[in-house]
Amino acid sequence: MPRLVPLRFFSHPTLEVAPQLIGKILDVDGVCGRIVEVEAYTDDPASHGYRRTERSEIMFETYGHVYVYFIYGMYYCLNFTTDRDNVGAILIRAVEPLSGIEVMRKRRGIHDLRKLCSGPGKLCEAFGIDLDFNWTKIGERVKLYHGKSGLVRTSPRIGISKATDLQWRFFEAGSPFVSR
DNA sequence: TACTGGATTCACT
DNA sequence: GTGAATCCAGTAA
């Protein structure tokens with residue numbers, strides 16, 4: 001079994017973490033992919049971290065957390081926050097599907113392996129990622145669900161709209177990768 | 001409150 | 001190569 005990447009991996013400077021993320025394996029409850037393209041964002045004008053707003057605050061406050069944002073009215077983009085001391089996040093731009101492929105195909109509605117996760121919006125759809133996963137943390141089991149009186153929040157910061165139960169994990173590149 | 005534009009994708013030409 | 005789809009966050013007023 002490949003070695004688990006510790007949370008502290010993400011505590012280092014964004015520009016150091018980003019290249020090391022290439023080749024690592026993202027596992028969201030058995031749906032797995034090898035990261036093949038990332039984009040690092042710090043405090044430059046092109047980054048949400050350029051201004052501190054309610055949305056971007058997670059980039060300032062955390063590392064090893066999930067930051068998802070909605071774009072172009074249709075797509076989500078998956079980021080992981082980085083750098084214990086500064087603002088930073090890394091956008092996952094593309095992954096190579098390794099397991100849970102049938103689940104990905106069903107979610108994406110296409111069969112072609114090459115088109116499943118070859119873009120930020122595509123991989124979010126394939127992994128079933130949306131805004132609900134904001135502020136969730138790598139390694140922690142996340143349980144999100146409906147309550148009798150409406151939405152149940154697992155944290156004061158997360159508004160939950162559907163049943164979810166998952167865990168974000170990263171593994172060191174290992175070949176061959178065998179999922180559970 | 002209203003407006004603007006966006007870390008994208010895909011169909012169509 | 002081009003343009004449409006689509007809606008939220010941020011900003012200006």
Side-chain angles (χ1 to χ4, degrees), chain A residues 9-26 28 31 33-84 86-98 100-138 144 150-151 153-162 164 168 170:
Chain A
F9 169 80
F10 293 90
S11 70
H12 300 292
T14 307
L15 297 181
E16 291 178 21
V17 176
Q20 294 180 52
L21 206 52
I22 299 291
K24 288 194 168 37
I25 292 155
L26 172 62
V28 186
V31 178
R34 179 180 287 112
I35 296 170
V36 295
E37 188 178 347
V38 299
E39 202 162 316
Y41 289 91
T42 54
D43 60 351
D44 62 276
S47 168
H48 292 180
Y50 188 61
R51 288 190 188 83
R52 187 164 187 154
T53 64
E54 190 176 352
R55 182 176 69 163
S56 67
E57 193 179 3
I58 189 171
M59 291 177 67
F60 291 79
E61 287 200 354
T62 70
Y63 63 89
H65 280 64
V66 173
Y67 170 41
V68 181
Y69 61 84
F70 188 69
I71 192 169
Y72 298 123
M74 310 178 75
Y75 301 106
Y76 299 99
C77 289
L78 172 66
N79 299 252
F80 290 95
T81 61
T82 50
D83 201 330
R84 186 178 41 213
N86 299 285
V87 55
I90 297 172
L91 168 68
I92 310 299
R93 293 191 58 87
V95 306
E96 174 191 350
L98 294 177
I101 289 170
E102 286 313 309
V103 175
M104 295 187 195
R105 281 177 169 147
K106 191 173 180 181
R107 285 173 177 156
R108 294 271 294 121
I110 60 168
H111 188 80
D112 190 342
L113 206 60
R114 292 166 301 181
K115 294 179 181 175
L116 278 185
C117 303
S118 56
K122 295 177 187 178
L123 73 89
C124 280
E125 188 172 32
F127 278 80
I129 293 164
D130 60 28
L131 295 178
D132 287 348
F133 300 107
N134 257 317
W135 289 91
T136 57
K137 187 179 176 183
I138 293 166
L144 319 174
L151 300 182
R153 293 164 184 262
T154 54
S155 124
R157 317 200 81 125
I158 309 171
I160 304 309
S161 60
K162 64 178 184 300
T164 309
W168 300 97
F170 282 91

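Throughout, protein chains are lettered first and strands after them, A, B, ... in sequence-line order, and every chain is numbered starting at 1.
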(message) On the nucleotide B/dC10, are OP1 or OP2 found under 4.0 Å from the side-chain N or O atoms that A/K115 carries?
(response) no
(request) With a 3.5 angstrom cut-off on both distances, give the Watson-Crick or G-U wobble partner of B/dA7, or none if there isn't one. (result) none
(message) Just so I know, are the side chains of A/I101 and A/L113 near enough to count as touching, which here means a heavy-atom distance under 4.5 Å?
(response) yes
(message) Among A/Y63, A/W168, A/Y67, which residue satisfies the side chain to side chain contact (heavy atoms under 4.5 Å, CB included) criterion with A/F80?
(response) A/W168
(request) Name the closest nucleotide to the A/F70 side chain, picking from C/dA5, C/dC8, B/dT9. (result) C/dC8
(message) Rounded to whole Å, please give me the gap between CD1 in A/I71 and C1' in C/dA5.
(response) 13 Å
(message) Without decimals, in angstroms, what is the distance between A/Y75 OH and B/dT8 C1'?
(response) 6 Å
(message) Between A/H48 and C/dA9, is there a contact of a side-chain N or O with OP1 or OP2 at under 4.0 Å?
(response) no
(request) Look through every strand shown and name the nucleotide pairing with C/dT6 as Watson-Crick or G-U wobble, where both distances are under 3.5 Å. (result) none
(message) Rounded to whole Å, how long is the line connecting atom CZ of A/R51 with atom P of B/dG6?
(response) 12 Å
(request) Please state how far atom CG in A/L123 lies from atom C1' in B/dT8, giving the value in whole angstrom units. (result) 12 Å
(request) Round to a whole Å and report the spacing from OH of A/Y72 to C1' of B/dA11. (result) 18 Å
(request) Would you kindly give the CD-to-P distance between A/E37 and B/dA7, to the nearest whole Å? (result) 15 Å
(request) Check the distance between B/dT8's C1' and A/E39's CD and give it to me in whole angstrom. (result) 12 Å
(request) Using only side-chain N and O atoms of A/R93, determine if any of them is under 4.0 Å from OP1 or OP2 of B/dT9. (result) no
(request) Quick one: label A/R108 by what it contacts on the DNA or RNA (base, sugar-phosphate, nothing), any heavy atom closer than 4.0 Å. (result) sugar-phosphate
(request) Taking the side chain as every heavy atom from C-beta outward, state whether A/L78 and A/L26 have any pair of such atoms under 4.5 Å apart. (result) yes
(message) Using a 5.5 Å cut-off between ring centres and planes within 30 degrees, is A/Y41 stacked on the base of B/dA7?
(response) yes
(message) Regarding A/K122 and A/E125, does a basic nitrogen lie under 4.0 Å from an acidic carboxylate oxygen?
(response) no
(request) Report yes if a donor N or O on one partner sits less than 3.5 Å from an acceptor N or O on the other, where the partners are the side chain of A/Y69 and the base of B/dA7; otherwise report no. (result) yes
(message) Without decimals, in angstroms, what is the distance between A/L78 CG and B/dT8 P?
(response) 13 Å
(request) Look at the side-chain N and O atoms of A/R55 and state whether any lies under 4.0 Å from the OP1 or OP2 oxygen of C/dC8. (result) no
(request) Write down the distance separating the C1' atoms in B/dG5 and C/dG3, rounded off to the nearest Å. (result) 16 Å
(message) Among C/dG10, C/dC8, B/dT8, which nucleotide has an atom closest to any side-chain atom of A/T53?
(response) C/dG10
(message) Does any part of the side chain of A/F10, heavy atoms only, come nearer than 4.5 Å to the side chain of A/I138, both counted from C-beta?
(response) yes
